[in-house]
There are 2 protein chains.
Amino acid sequence: MSVEAKKRVPLSRERVLAAAVEIADAEGIDALTMRALAERLGVEAMSLYYHVANKAALLDGVADAVVGEILAAVTPTSAKDGADGEESGDPAPGLTASGAPSSDPSFDWRATLRTRVLAARAVLLRHPWAPPLLTRPGAFGPAAVFYFEGVLAILVRGGFSYDLAHHAIHALGSRAIGFSQELFTPGDATPDESDEVLEELAAQLPHLMGMLSEISHDDPASNLGWCDDQAEFEFGIDALLDGLEAARRRTSV
Amino acid sequence: MSVEAKKRVPLSRERVLAAAVEIADAEGIDALTMRALAERLGVEAMSLYYHVANKAALLDGVADAVVGEILAAVTPTSAKDGADGEESGDPAPGLTASGAPSSDPSFDWRATLRTRVLAARAVLLRHPWAPPLLTRPGAFGPAAVFYFEGVLAILVRGGFSYDLAHHAIHALGSRAIGFSQELFTPGDATPDESDEVLEELAAQLPHLMGMLSEISHDDPASNLGWCDDQAEFEFGIDALLDGLEAARRRTSV
DNA sequence: GGTGGGGGCGTACGGCGTAAGGTGGAGAGG
DNA sequence: CCTCTCCACCTTACGCCGTACGCCCCCACC
């Protein structure tokens, strides 16, 4: 016990973000100040700046940490213990061996997506301060990318073309995904990474890469700002209105 | 000329809010500080506190001002030339003389609502800093009430029951109304007003009052916290998913 | 022509994010 | 074993924020 008591954990970025989430959970997002965060970690405020660039970066990190929590809640078993579930554990469900998208008529995309969305919402209900953070411009980190990959996999397996799935994700937007009013706000290029790391990452995101290469005909890794906000918004409205009209007819007949 | 000479326009709440909107438009919402606002008005910062309780109240007021702008954009002709509060056009479209809701089969609620929603969005695009404000807990002022009354009138006239219209407004939520992730956050009771003023106001909001008295069986003016968040969210998802499924079928067949 | 008070002003305080430079100690090199 | 280096953390300080508290001027009204 003396050994582990003396061991001084050296305040990593992960510890900083975890403590930030704890403060926000306990006392609200306004109580999350650099000084309060430092105090909780037994450290001075300026020491935090060695691990996060500034407060905005801290909040971005916290946002991605929450998305990571959603991701964990949504993934049945982490890939860590090797026992992947049959449902979403395959390397690339919805893809044929050639890499082209393939639909599975017996797959109930609707129920699957619904379950996932409600799980995401359940996580966010545990962090009521989080949704405003997730709508911030810089809030889309690595976890969010993987989350979208998962949603996209469901849609594609359910028979959505990449194009329609792209619209659908926009339409789901903040409500159904659980966060983010406007996804993919232009101007958030992928941060600096070496090319081979980037390529390795791309191999893990088959649907995302497929969609990107289909919708935008230039380099998928170049940028993400090809979305026509107005068109996406109108598509989302129309989908919602279709659903409402159906509900109305159901009750009035 | 004595009259037209500057009465030293004594810095009303309206002037304060208008100046606040101007600052936010010009320099962003972060530039809207009490000191900057005072300077723009040729006044000291502390003078503002005579007209707004604090910064939070200022932001609430700004939010409602933006909603008022939406309302003006959406209402064909303002009732301003008339001396008093003439109801906008018809006394109560969608209501029979008895006050019961009546539907109009020839009325295209979908197109009407779509137009209105897009108009609201257009206003918000002119104030990109506004949406986060509108999702704040205290952001629902008088203008928002009237805006909802208008949406409700469209739905009712289009054949929605009050119950379904209530769900629909929740489902439309931030996306289609143009703002507000969760409408009607519980705990925002109507501010203190004399009973007769309140009653006079209620007479101008027939649909809202009708919905309230139908959905909650107690006093409509008591509170607005009767909404089951989870149920509303699921209804919204289902409507959206219905619309997406229809879109999917449209492309895959 | 006082005079009361409503409307605007001056001062000040604590807290915020963070720029700039200092420091102790662990690990590498001689 | 000593010393040098450099990482991880600390100290100090600055300018901005919202706003509590109290003063004072000016104008309306007796």
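Letters go in sequence order (proteins before strands), and every chain restarts at 1.
Here C/dC9 presents its P atom at 13 Å from CD of B/Glu39, a figure rounded to the nearest Å. Atom pair A/Leu41:CG and D/dC9:C1' shows a separation of 13 Å (rounding to whole Å applied). Between the C1' atom of C/dG8 and the CZ atom of B/Arg40 lies a distance of 20 Å, rounded to the nearest Å. Atom CZ of A/Arg13 is separated from atom P of D/dA8 by 15 Å (rounded to the nearest Å). Atom P of nucleotide C/dA19 and atom CD of A/Glu44 are separated by 18 Å, given to the nearest angstrom. Put simply, NE2 on A/His51 is 7 Å from C1' on D/dA8, counting in whole angstrom units.
Where B/Tyr50 and A/Met34 each meet DNA chain C at their nearest nucleotide, the meeting point lying more 5' is that of B/Tyr50. Of the two residues contacting DNA chain C, namely A/Thr33 and A/Met46, the nearest-nucleotide position lying further toward the 5' end is that of A/Thr33.
Sparse packing is recorded around CD of A/Glu39, with 12 or fewer heavy atoms of other residues, nucleotides or ligands lying under 6.0 Å away.
Atom CG of A/Leu124 and atom CH2 of A/Trp129 lie 9.0 Å apart (nearest 0.5 Å).
Closest approach of A/Ala38 to A/Leu48, counting heavy atoms only: N-CD1, 3.8 Å.
For A/Asn54, the listed nucleotide lying nearest its side chain is C/dT18; candidates were C/dG8, D/dG18, C/dT18. Of the candidate nucleotides D/dT19, C/dC9, D/dC9, D/dT19 has the atom lying nearest to any side-chain atom of B/Tyr49.
The phosphate of C/dC9 has OP1 or OP2 within less than 4.0 Å of a side-chain N or O from B/Ser47.
Checked by atom type and distance alone, the side chain of A/Thr75 never pairs as donor or acceptor with a backbone atom of A/Ala72 at under 3.5 Å.
Looking at A/Arg35, its side chain has no donor and acceptor atom pair within 3.5 Å of the base of C/dG15.
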